[in-house]
Amino acid sequence: QVQLMESGGGLVQSGGSLRLSCAASGSIISIFAMGWYRQAPGKERELVATFTRSGNTNYEDSVKGRFTISRDSAKKTVYLQMSSLKPEDTAVYYCRADIVSEFGLGSPVEYWGQGTQVTVSA
């Protein structure tokens, strides 16, 4: 029943900005590490930014200073504010979360969203 829904992707010019959202829904007891990954055609999926339960954040080196991850606990939503976008940022962006559900055994399970396309033109 747990679902992650991404939104906010689109086409933007180099140097522009986009804000991605990922909302978790379903029979959720708790959410642990939640963040963003991306995958370009022919490449492996890579970490972009993660907001941990303890409040720590992790960023991929190429996005440091340009991307900011944030959260709204009441809405069970994590955001990714992307600024100074580059063509190299073009990829499908996926939300990922470790979630404990009401019908689980108490251990977190990894969930992935469907992805949202981000395209940055030169």
Side-chain angles (χ1 to χ4, degrees):
Q1 293 182 353
V2 174
Q3 185 179 38
L4 301 179
M5 180 65 74
E6 304 105 330
S7 62
L11 175 64
V12 66
Q13 209 171 33
S14 181
S17 299
L18 285 173
R19 191 191 192 201
L20 306 183
S21 299
C22 174
S25 62
S27 303
I28 298 171
I29 293 178
S30 61
I31 300 176
F32 292 92
M34 190 173 186
W36 295 92
Y37 288 70
R38 67 185 180 187
Q39 186 169 28
K43 294 185 177 181
E44 292 190 31
R45 191 170 298 183
E46 65 176 359
L47 171 73
V48 178
T50 295
F51 206 121
T52 67
R53 187 187 183 192
S54 62
N56 294 323
T57 57
N58 293 308
Y59 292 94
E60 195 274 326
D61 288 340
S62 69
V63 309
K64 289 181 179 178
R66 300 188 297 119
F67 292 9
T68 302
I69 189 169
S70 60
R71 63 184 177 184
D72 185 331
S73 297
K75 295 182 178 180
K76 295 184 176 63
T77 300
V78 64
Y79 305 93
L80 185 67
Q81 177 65 51
M82 306 185 294
S83 301
S84 301
L85 283 162
K86 305 174 181 179
E88 305 92 88
D89 297 317
T90 296
V92 176
Y93 284 69
Y94 296 91
C95 180
R96 197 214 81 166
D98 296 329
I99 297 173
V100 177
S101 67
E102 292 182 2
F103 300 99
L105 298 176
S107 298
V109 175
E110 183 180 283
Y111 290 90
W112 291 89
Q114 291 295 111
T116 183
Q117 177 71 47
V118 172
T119 302
V120 184
S121 62

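Below, all heavy atoms of this structure are taken into account, side chains as well, without hydrogens, waters or symmetry copies. Nothing fancy with the numbering, it's 1 onward along the sequence.
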Q: Just grab all the side chain to side chain donor-acceptor pair (under 3.5 Å) pairs involving residues 1-13, residues at least two apart or on different chains.
A: Gln1-Ser27

Restricting to non-hydrogen atoms, name the atom on [X] and the atom on [Y] that form the minimum distance, rounded to 0.1 Å.
X      : Y      : value
Pro87  : Ser14  : CD-OG, 3.9 Å
Arg19  : Ser70  : NH2-OG, 4.5 Å
Ser107 : Val100 : C-CG2, 3.8 Å
Arg71  : Gly55  : NH2-CA, 4.3 Å
Ser21  : Trp36  : O-CH2, 3.4 Å
Tyr37  : Val48  : C-CG2, 3.8 Å

Q: Mind jotting down which residue pairs meet the disulfide (SG to SG under 2.5 Å) criterion with at least one end in residues 1-104? Sequence neighbours excluded, please.
A: Cys22-Cys95

Just wondering, do [Y] and [X] contact through their side chains at under 4.5 Å, heavy atoms?
X      : Y     : result
Ser83  : Gln81 : yes
Lys76  : Val78 : no
Arg38  : Glu46 : yes
Leu20  : Met82 : yes
Thr68  : Leu80 : no
Val109 : Asp98 : no
Phe51  : Asn58 : no
Leu4   : Arg96 : no

With hydrophobic residues grouped by side-chain heavy-atom distances under 4.5 Å, do [X] and [Y] end up in a single group?
X      : Y     : value
Leu85  : Tyr94 : no
Val120 : Val92 : no
Phe32  : Val2  : no
Tyr79  : Ile99 : no

Once side chain to side chain donor-acceptor pair (under 3.5 Å) is applied, do any residues pair with [X], and if so which ones, sequence neighbours excluded?
X     : value
Ser73 : none
Ser30 : none
Glu88 : none

Without swapping roles, check the side chain of [X] against the backbone of [Y] for a donor-acceptor pair under 3.5 Å.
X     : Y      : answer
Ser54 : Thr52  : no
Thr90 : Thr119 : no
Arg45 : Gln39  : no

Q. Does CD belonging to Glu102 count more than 12 external heavy atoms closer than 6.0 Å?
A. yes

(Q) Quick check on Gln114: does its CD atom have over 12 non-hydrogen neighbours (other residues, nucleotides or ligands) under 6.0 Å away? (A) no

Q: Mind checking salt bridge (Lys or Arg N to Asp or Glu O under 4.0 Å) for Lys64 and listing every partner two or more places apart, or none if nothing turns up?
A: Asp61

Q | From Ile29 atom CD1 to Ser101 atom OG, the distance as rounded to the nearest 0.5 Å | A | 6.5 Å

Q) Atom CZ of Phe67 and atom CG of Leu18: how far apart are they, to the nearest 0.5 Å? A) 9.0 Å

